[in-house]
Amino acid sequence: QVQLVESGGGLVQPGGSLRLSCAASGFTFSSYWMYWVRQAPGKGLEWVSAINTGGGSTYYADSVKGRFTISRDNAKNTLYLQMNSLKPEDTGLYYCARDRVAGRFTSRYDYWGQGTQVTVSS
């Protein structure tokens with residue numbers, strides 16, 4: 001079965017950094033575009049970042065551009081999100097997700113992880 005397990009969240013001060021990880025199993029990780037999405041308290045899901053199968057193309061929401069970096073290690077079946085210069089508005093539950101179609105960027109997800117909580121204090 002497909003499984004995505006996020007980790008690395010925590011409580012940080014504004015301006016601090018965190019590195020999130022997503023361990024993937026049950027599918028050919030290197031064949032899929034991957035995404036990070038988040039949900040702030042009382043808000044809906046917000047797309048954060050995307051990465052292609054090989055890791056050479058990355059995309060970011062304007063709200064995080066220049067501060068966050070998405071990457072992947074296909075040999076380890078792991079997706080990462082390096083978050084720097086964190087702001088209180090970055091607070092939320094962060095999920096990694098798999099694209100619906102192998103090798104394609106459809107912007108549609110078919111599997112998510114359980115999420116990891118990021119809290120940026122003010």
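Met34 and Val64 fall within the same hydrophobic cluster, defined by Ile, Leu, Val, Met, Phe, Trp and Tyr side-chain heavy atoms under 4.5 Å apart, directly or through other members. Hydrophobic clustering (ILVMFWY, side-chain heavy atoms < 4.5 Å, transitive): Tyr109 and Tyr60 are in distinct clusters.
Separating the OG atom in Ser107 from the CH2 atom in Trp33 is a distance of 10.5 Å, to the nearest 0.5 Å. One distance of note links CG of Asp99 with CZ of Phe105; it measures 7.5 Å at 0.5 Å rounding. Rounding to the nearest 0.5 Å places CG of Asn52 at 7.0 Å from OH of Tyr59. To the nearest 0.5 angstrom, Phe29 atom CZ is 8.0 Å from Asp73 atom CG. Once rounded to the nearest 0.5 Å, the distance linking OG1 of Thr53 with OH of Tyr32 reads 11.5 Å. In this structure, the separation between CG on Leu45 and CD on Gln39 is 5.0 Å, given to the nearest 0.5 Å.
Residue pairs meeting the side chain to side chain donor-acceptor pair (under 3.5 Å) criterion with at least one member in residues 15-29, sequence neighbours excluded: Ser17-Asn84.
Smallest separation of non-hydrogen atoms from Glu6 and Gly115: OE1-N, 2.8 Å. Taking every heavy atom of both residues into account, Trp112 and Ala97 meet most closely at CD1-CB, 4.2 Å. For Ala24 against Leu4, the heavy-atom pair with the smallest separation is CB-CD2, 3.7 Å. Taking each heavy atom of Cys96 and Leu79 in turn, the nearest pair found is CB-CD2, 3.7 Å. Smallest separation of non-hydrogen atoms from Gln114 and Leu93: O-CD2, 4.5 Å.
Side chain to side chain, Ser63 and Glu46 meet the donor-acceptor criterion of an N or O pair below 3.5 Å.
Note: Phe68 and Tyr94 have tilted aromatic rings, judged against thresholds of 30 and 60 degrees for the angle between ring planes.
Take Asp90 and apply the salt bridge (charged side-chain N to carboxylate O under 4.0 Å, His left out) test, not counting sequence neighbours, and it matches Arg38, Arg67.
Taking 4.0 Å as the cut-off between side-chain N and carboxylate O, Asp110 and Arg98 count as a salt-bridged pair.
Checking side-chain atoms of Trp36 against main-chain N and O of Tyr80 turns up a donor-acceptor pair under 3.5 Å.
Thr91 places a side-chain heavy atom less than 4.5 Å from the side chain of Gln117. Within the 4.5 Å cutoff, no side-chain heavy atoms of Pro88 are placed close to those of Ser121.
Between Tyr95 and the options Val48, Val37, Thr116, Leu20, a side-chain contact (heavy atoms from CB on, under 4.5 Å) holds for only Val37.
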